[in-house]
Protein chains: 2
Amino acid sequence: MSLRLLHSIFFELIDKFLEKQKSLFKPAIKSAVTVTIVSIQELLSLRITKEGLREDDLVELCRKTIHYSVKTSHPHFHNQLYAGIDEYSLAGSWLTEALNSSQATYEISPVFTLVERAVLKYLGAFCSWKEEEIDGIFSPGGSIANMYGIVLARHKMFPHAKQKGIYNIGELVLFISEDAHYSFIKGAIWLGFGSEAVIKVKTDEKGRMDPYELDKAVIKAKQENKLPFFVGCTAGTTVLGAFDPLIPISNICKKHNLWMHVDAALGGTALFSPRHRVLLQGIEFADSITWNLHKLAAVSLQCSAFLTRHQNLLTECNSFNAEYLFQSDKYYDSNYDSGDKSIQCGRKVDSFKLWLALAARGERKIELLVDNVFEMVEYAVQKIRERPSFRLVLSQFESSNVCFWYLPPLLRRQNCANFASDPRLAKVCPMIKSKMMERGNLMVNYQPLKSKNLPNFFRIVFTCYPPTTENDIDFVLDEIENIGSGIII
Amino acid sequence: MSLRLLHSIFFELIDKFLEKQKSLFKPAIKSAVTVTIVSIQELLSLRITKEGLREDDLVELCRKTIHYSVKTSHPHFHNQLYAGIDEYSLAGSWLTEALNSSQATYEISPVFTLVERAVLKYLGAFCSWKEEEIDGIFSPGGSIANMYGIVLARHKMFPHAKQKGIYNIGELVLFISEDAHYSFIKGAIWLGFGSEAVIKVKTDEKGRMDPYELDKAVIKAKQENKLPFFVGCTAGTTVLGAFDPLIPISNICKKHNLWMHVDAALGGTALFSPRHRVLLQGIEFADSITWNLHKLAAVSLQCSAFLTRHQNLLTECNSFNAEYLFQSDKYYDSNYDSGDKSIQCGRKVDSFKLWLALAARGERKIELLVDNVFEMVEYAVQKIRERPSFRLVLSQFESSNVCFWYLPPLLRRQNCANFASDPRLAKVCPMIKSKMMERGNLMVNYQPLKSKNLPNFFRIVFTCYPPTTENDIDFVLDEIENIGSGIII
């Protein structure tokens, strides 16, 4: 069988597909969601046969897979915290996929070992940490990066837990805001603390952790003989995009001797912009950071940097010196082997695609792309405010998310204070979303926010790629309004 | 800047490179390892500039990256438990990289959600589990898959740990063999049990867990008021490639009511071969399994299936119903959302590349490729036995690894019983490896095995891709002998 043939058709398929994504190709999203689950299954004929498929069938199968998949790089895909793909990063990931390297040791991954070290130092420098302090690792997603933070905090305070476990230490507790990402709680469950060990601190009206409430919560936990050890701040919350006030929180962490982790999965990329990095003021005091470059920065999934300013702590905490992999009698300096810092053994190369994208664009271009996101947020807020059928969830948004309600005429007539308590409002988003998916030219997510007692509202998210334009935003609002005008609640 | 240009040059680069790997292109490995760390750094000039690199510089940078990287698909790369790449799987991974999908919800990943479900059911069927029981998830590597096993076991026995943590349960202990993968211990540390919670059970002379010793160890732990909950068996150990006897172990697990996890990261792929699946007899009794298709089956990194026959337990254990992602009022059946089973949030698509490779080749071809690995192991064992300068570590090997010493003339003259205790033997492998890397046409790993008191020996590993030939094996042995004859210990 000729693999060259398959490859060349592949290039053609993917190349055409990338071209399509640049245009407003409406059926691009439509195709993915209007067909039923059953028909996708039939079309793909998910069977593995004795003799294998013919080359033609394989090409057809790939064609259908692309056809029925959601085109996340479509300019009107605003459904997740990630969206488009920086094409340089795609080139980088194709290269690393082809080389099939693992980041375990320097000897099998010499170039990528050095690239990862360099990129981590580069990212860490944005936090104003000293170069010699900066350490880190690329992790398979932000959830696991947040777990790295929790585990390092535990190790810093209770190094014997590595051998003895957490049994005889006491009841360890973690603090996050009520709007923090759910991965902190999943992490606390995995790591043996349990969900009740996570103490949720109240946020202000914008969704930012209230430092005074944090202080109170820590004091209360101590009074209850619990052992506070970790504060997980958020720079860019998942729904409202809020930035916790890092400087006051850092003071409370110092006062109580707590590890300060910043989940900057979403908001870290604002550090590339001199105009907007003020949002992360105080990041220099963080002990560790999660920064997902596959979100706002549009590097292909996954590209999660875990950073810490405690040089060597990752190694102290996670190393186990497997004798078959990290031998001490190697022909090179085995300090270059990064694998023993990690909780993984084999590990994908996630650093190269980021580095290629950064090197290709240069800092100036990235800064412009980040600034464009913030400008588009401002434009969207202004346009939503101007339309009588929409209501903003907040008067301003700090990050790349904009949250709002569409109000059918019936609800619009009520006064401002009342519409949110009308039980019919919660049904509006699911109804519009369902129609939206039938039309297939726009994808926007909705959710409630129980911490603020808010019923279902839409959240549009912007990313650096593809760069959003004012026309795109007008289209999104027109489309929601157009669908919304036809629903009956 | 023209991205089309970059892409087309890329295709050419990668295409040429893949062609090269098929031939015995000696400098392919050499280039990666003979240059020093400093010179790679200079050549790559790891700087991110203000204005970005020119297109020509980017292409040159990619060219150098490929040039200085280890070609893991080279026919003489036998250094890790993974090696070559099935090119259909590479095509699959390029496709999923371009689509930039995440496996969190059905709505953003309709095709891949269904593919993942189908592939997990397909793999689970090899374990003779009932179709309706089979559940699982693709995980970023075998280490994290093994952690899934530990966490499910904990949840099955102590469901309240999800809320309350493991504090008040008692001292939980896990059992693995002394030759099991180090990820069990790293996992036990992460998950809060501590390394001392892992009880290592003695293995027999071939490296297989001794069920009688397991039984004794469990009884002893109970007498010490510890709480046994998990047995981690291995199907294909990392160094000797041994398969633990699953049937007797399953009886002991039943007797003591312990979760039986099988780390079949390496050996699971033997299930594709009716001739060799006997090695995994008893896998039907396992509660959960780790199976890395990126090892023996040569799917591109990473492709780790975690499988369990406890339908819904992954959801019960890991779900947290994040309100912004797993809404209950969706326009489709949200049971299709696989994300809440996972400890990740965004998750790469690892199932499609496997499915494409299986669909393309068909079961018959895969069976032949697996059988070839075992035949090559037999051939290698026979040839090593015939050569007076080599000594086998075991008289037979059950899996895809073959372990042996090269003996310089000085050591060869000693009688069989003595050579392994000669302190000079441990120096032979590092010396040969260092020369091997200078020559650059072969890459084989070495390690000691302290559990068996064995000094450094070589381990060659075979995988389905590229299929190893008898000539390849002769080359490996000739090359080691040739280098070895020149070293002075």
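Lettering follows sequence order; numbering is per chain, from 1.
Considering only heavy atoms from C-beta on, C62(B) comes within 4.5 Å of L95(A) through its side chain. Counting heavy atoms from C-beta outward, F77(A) and K71(A) have side chains that stay 4.5 Å or more apart. Using a 4.5 Å cut-off on side-chain heavy atoms (C-beta onward), L356(B) and T65(A) make no contact.
Contact of N79(B) with chain A is made through the side chain alone, with heavy-atom distances under 4.5 Å. If you measure heavy-atom distances from Q302(B) to chain A, the contacts under 4.5 Å come from both the backbone and the side chain. Both the backbone and the side chain of A359(B) come within less than 4.5 Å of a heavy atom of chain A. Proximity to chain B involves both the backbone and the side chain of E171(A), based on heavy atoms less than 4.5 angstrom apart. With a 4.5 Å cut-off on non-hydrogen atoms, Y446(A) touches chain B through its backbone and its side chain both. Contacts of M431(A) with chain B are absent, with no heavy-atom separation under 4.5 Å from either backbone or side chain. With a 4.5 Å cut-off on non-hydrogen atoms, S300(B) touches chain A through its backbone and its side chain both. Of the two parts of K427(B), neither the backbone nor the side chain holds a non-hydrogen atom closer than 4.5 Å to a non-hydrogen atom of chain A. Using a 4.5 Å cut-off between heavy atoms, Q80(B) contacts chain A through its side chain alone, with no backbone atom that close. Contact of S304(A) with chain B is not made at all, since no heavy-atom distance falls under 4.5 Å. For H181(A), the part lying near chain B is the side chain, with the backbone staying farther off; criterion is any non-hydrogen pair under 4.5 Å. Contacts of N292(A) with chain B are absent, with no heavy-atom separation under 4.5 Å from either backbone or side chain. Within the 4.5 angstrom heavy-atom criterion, atoms from both the backbone and the side chain of F320(B) approach chain A. Residue contact with chain A, scored on non-hydrogen atoms closer than 4.5 Å, involves the side chain of N445(B) exclusively. With a 4.5 Å cut-off on non-hydrogen atoms, A188(A) does not touch chain B at all. For L81(A), no part sits under 4.5 Å from any heavy atom of chain B, backbone or side chain. Heavy atoms closer than 4.5 Å to chain A are found nowhere in I366(B), neither backbone nor side chain. For chain A, no part of T113(B) is nearby; none of its heavy atoms comes within less than 4.5 Å. Contacts between I343(B) and chain A at a heavy-atom distance below 4.5 Å involve backbone atoms as well as side-chain atoms.
Between the side chain of E323(B) and the backbone N or O of K450(A), at least one donor-acceptor pair lies under 3.5 Å. Checked by atom type and distance alone, the side chain of K162(B) pairs as donor or acceptor with a backbone atom of S319(B) at under 3.5 Å. Within the 3.5 Å criterion, the main-chain N or O of Y332(B) finds no donor-acceptor partner in the side chain of Y106(B).
With respect to chain A, the highest number of heavy-atom pairs below 4.5 Å among V119(B), I108(B), I185(B), T238(B) belongs to I108(B). Chain B forms more heavy-atom pairs under 4.5 Å with one residue of H160(A), E97(A), R459(A) than with any other, namely E97(A). Between chain B and the residues S93(A), P140(A), S195(A), the most heavy-atom pairs under 4.5 angstrom are made by S195(A). For the options P430(B), C345(B), G142(B), S109(B), heavy-atom pairs under 4.5 Å to chain A are most numerous at C345(B). Among the candidates C317(A), G170(A), A161(A), the residue making the largest number of heavy-atom pairs closer than 4.5 Å to chain B is G170(A). Contact count versus chain B (heavy atoms, under 4.5 Å) is highest, among L172(A), T105(A), D329(A), D333(A), for D329(A). Per-residue counts of heavy-atom pairs under 4.5 Å with chain B were compared for G141(A), P448(A), A104(A), G346(A); the largest is that of P448(A). Top candidate by heavy-atom pairs under 4.5 Å with chain A, chosen from L358(B), V349(B), I169(B), is L358(B). Your options are L61(B), N321(B), V239(B), and the one with the most heavy-atom pairs under 4.5 Å with chain A is L61(B). Of the residues considered (K164(B), K348(B), M147(B)), K348(B) shows the highest number of contacts with chain A, using heavy-atom pairs under 4.5 Å. Counting heavy-atom pairs closer than 4.5 Å to chain B, the top residue among W190(A), F193(A), Y324(A) is W190(A). Ranked by heavy-atom pairs under 4.5 Å with chain A, the first of L325(B), T96(B), D340(B) is D340(B).
Remark: K50(B) engages E363(A) in a salt bridge, criterion side-chain N to carboxylate O under 4.0 Å.
Heavy atoms of other residues, nucleotides or ligands lying less than 6.0 angstrom from NZ of K330(A) number more than 12.
Aromatic ring orientation, F352(A) versus F112(A): perpendicular (interplanar angle above 60°, classes split at 30° and 60°).
Taking every heavy atom of both residues into account, V111(A) and S69(B) meet most closely at CG2-OG, 3.7 Å.
Judged as a ring pair (Phe, Tyr, Trp, His ring centres under 6.0 Å), and not counting sequence neighbours, Y167(A) has no contacts. Evaluation of the salt bridge (charged side-chain N to carboxylate O under 4.0 Å, His left out) rule for K295(B) yields no partner, not counting sequence neighbours.
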Would E438(A) and Y331(B) count as a side chain to side chain contact (heavy atoms under 4.5 Å, CB included) here? Give the steps. CA-CA 10 Å; E438(A) 271 174 38; Y331(B) 64 97; over 6 Å; no
